[in-house]
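See below for the structure under consideration.
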Number of protein chains: 2
Amino acid sequence: MPHPALGLGFARSRLDRTALPRDGEALARHAADPSALTVVIAGEVPILLVPAEGGSPTALMPLPGLDRLPGGVREQALLGTWDGRPALATLLDPGAAEAVAGDPGFQALDLRSIAVGGVVPEEEAGLLAAAKSVLSWHARHRFCANCGAPTAPAQAGFRRDCGACSAQHFPRTDPVVIMLVTRGDHCLLGRQARFPAGNYSCLAGFLEPGETVEDAVRREVREEAGIGVGRVAYHSSQPWPFPSSLMIGCVADALDEALTIDREELEDARWFHRDEVALMMENRHPGGLRNPPPVAIAHHLIRSFLEGARG
Amino acid sequence: MPHPALGLGFARSRLDRTALPRDGEALARHAADPSALTVVIAGEVPILLVPAEGGSPTALMPLPGLDRLPGGVREQALLGTWDGRPALATLLDPGAAEAVAGDPGFQALDLRSIAVGGVVPEEEAGLLAAAKSVLSWHARHRFCANCGAPTAPAQAGFRRDCGACSAQHFPRTDPVVIMLVTRGDHCLLGRQARFPAGNYSCLAGFLEPGETVEDAVRREVREEAGIGVGRVAYHSSQPWPFPSSLMIGCVADALDEALTIDREELEDARWFHRDEVALMMENRHPGGLRNPPPVAIAHHLIRSFLEGARG
């Protein structure tokens with residue numbers, strides 16, 4: 001069975017989502033199981049368990065250990081099982097992250113830093129992404145978009161129901177296309193003003209209602225760089241839990257070369273020869289230019305171009 | 001430039017989404033343009049314009065012609081341009097569909113029937129999908145999911161803003177994986193109880209937060225049929241505006257054969273030899289079994305299996 005590319009963030013998971021039915025009582029039943037584990041997120045910040053005996057921090061702590069953390073449980077979801085034990089996600093008040101600052105048994109760290117730094121085992125990253133996405137969705141969807149009334153969690157934390165108009169709401173995942181546009185030995189990379197200095201990456205954007213993946217790639221490249229795109233080939237995908245996107249990675253053939261850059265979206269974009277990209281990948285670029293780290297799917301799209309592989 | 005497979009529903013569009021900026025005044029400005037066109041949907045039902053001189057009905061009517069239709073405009077969005085003319089989507093009260101029943105100049109017809117019957121030119125299908133998805137989203141998102149207050153349309157109909165908590169809400173598109181699972185000369189097809197009698201199709205399901213496309217394929221096949229899946233290859237994608245999904249079509253290699261069918265999801269599922277599938281495709285199956293029509297991406301996944309092509 002093929003695995004995601006080495007280091008690709010949030011793409012690997014040992015979570016078994018299929019083992020436990022998500023019936024109405026499932027969450028309460030498994031939360032009472034003394035063997036249950038949970039991911040804990042305080043506001044937006046995961047709290048990791050640091051083993052007393054040393055070794056990697058882990059995103060999964062015994063659920064009964066929640067007693068050691070301050071603040072009430074705001075939301076909970078049953079993600080599935082982990083090595084046969086129920087695996088939950090628990091949202092605590094934001095204050096819990098500060099409260100554990102002096103406790104050597106815990107580490108509160110934002111999710112990007114966890115992923116970029118490889119702080120938890122890679123197989124836990126997909127689990128963290130799932131927990132973060134579902135809990136963020138709960139936090140921002142306490143009311144019914146259809147009628148404005150408060151909603152209540154259902155289906156083990158994977159649905160919210162409106163008591164007033166009976167609408168059912170499901171967690172949201174937003175498809176994003178991210179593409180490496182190539183032309184012969186060159187590829188198109190751009191940078192947003194918010195990127196770290198010297199960083200150039202793939203173009204990307206949200207897919208719009210009514211679009212295919214391929215048309216979304218063509219539209220975004222046309223909008224941001226004024227370039228026409230012919231063939232589009234899917235490469236790979238990645239969950240990106242900020243707050244809850246699905247990155248759909250593609251490689252795309254440019255039909256022309258002259259750039260018209262949308263300066264509201266991009267600070268810069270230009271064609272890079274593969275030799276220059278190779279220097280960037282190796283952190284040996286004379287101008288200090290860099291590509292994104294392996295945690296980002298853009299890294300793997302660029303690497304596949306350097307290796308001459310297409311999808 | 002490669003085109004979507006012949007007949008694939010909602011995948012072709014001549015809509016240019018990039019031509020007009022979606023600033024705060026864009027909708028009002030272009031709605032006042034006498035050359036503007038609009039797709040019209042009454043509640044859930046598109047209203048087509050039937051040319052007096054004969055020929056195909058069209059989903060695009062001159063915006064000033066809205067005066068001929070009863071009921072008020074509930075929502076409007078600026079989709080882009082069509083042959084250089086502003087192209088809008090307009091939501092009318094559901095009553096407008098019944099009101100035009102006797103008028104030979106209009107045809108009110110549900111979107112599935114339009115797509116399956118090829119009622120409008122194929123290049124208009126993607127436009128209809130976009131209009132339906134965006135307008136359905138407006139209709140069901142009049143309130144802020146974050147605080148419950150009413151929201152107001154913004155960004156030419158591609159955003160809703162909350163005046164109370166300042167949250168911005170964007171149209172939603174739900175990724176769905178749909179996959180043909182194969183093993184040698186056999187493929188796995190299933191039927192839901194709601195399907196027309198004799199119809200068998202690919203397995204499918206919503207991608208969950210924190211999943212890759214490939215993991216979602218593996219989970220759904222495990223859940224619905226008890227089959228392990230190894231290699232997953234992307235095939236193609238399709239907008240599916242009921243109400244607003246992105247179908248991500250894949251082919252997948254089965255690792256085993258013994259089926260355990262989830263009877264809550266599927267009425268039946270079994271392995272079909274490619275010779276039997278060929279009879280189904282040609283509507284010559286002795287038992288009257290059938291595959292989905294070309295409008296569905298499942299048709300094209302099955303066809304690619306019959307043709308021995310993989311993605």
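Labels below follow one simple rule: chain letters A, B, ... track the order of the sequence lines, proteins then strands, and each chain is numbered from 1.
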Determine the option with the most heavy-atom pairs under 4.5 angstrom with chain A, choosing from [options].
options                        : answer
B/A130, B/S133, B/S237, B/A129 : B/S237
B/R17, B/R140, B/R219, B/E223  : B/R17
B/L207, B/D174, B/T151         : B/L207

Return the [atom1] to [atom2] distance between [X] and [Y], rounded to the nearest 0.5 Å.
X      : Y      : atom1 : atom2 : value
B/Y234 : A/I248 : OH    : CD1   : 7.5 Å
A/E208 : B/L79  : CD    : CG    : 9.0 Å
A/L15  : B/E211 : CG    : CD    : 8.5 Å
A/C144 : B/H141 : SG    : NE2   : 8.5 Å

| B/F206 portion near chain A, given a 4.5 angstrom heavy-atom threshold | neither

| query | Given a strict heavy-atom distance threshold of 4.5 Å, which part of B/A139 is in contact with chain A: side chain, backbone, both, or neither? | reply | backbone

| request: Examine whether an atom of A/P241 lies under 4.5 Å from a heavy atom of chain B, and if so say whether it belongs to the side chain, the backbone or both; otherwise answer neither. | output: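 Neither the backbone nor the side chain of A/P241 comes within 4.5 Å of chain B.
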
| Contact origin within A/R222 toward chain B - heavy atom pairs under 4.5 Å |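 Side chain of A/R222 only, per the 4.5 Å heavy-atom cut-off to chain B.
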
For chain B, which of [options] has the most heavy-atom pairs under 4.5 Å?
options                        : result
A/E214, A/R142, A/E220, A/Q238 : A/E214
A/R160, A/R172, A/M247         : A/R172
A/S236, A/P171, A/A167, A/C147 : A/C147
A/R22, A/H169, A/K132          : A/R22

| task | Could you tell me which non-hydrogen atom of B/A11 sits nearest to which non-hydrogen atom of A/D215, and how far apart they are? | result |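 What the structure gives for the nearest pair is O-OD2, 3.8 Å.
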
| query | Between B/T212 and A/P239, which heavy-atom pair has the shortest distance, and what is it? | reply | CG2-CD, 3.7 Å

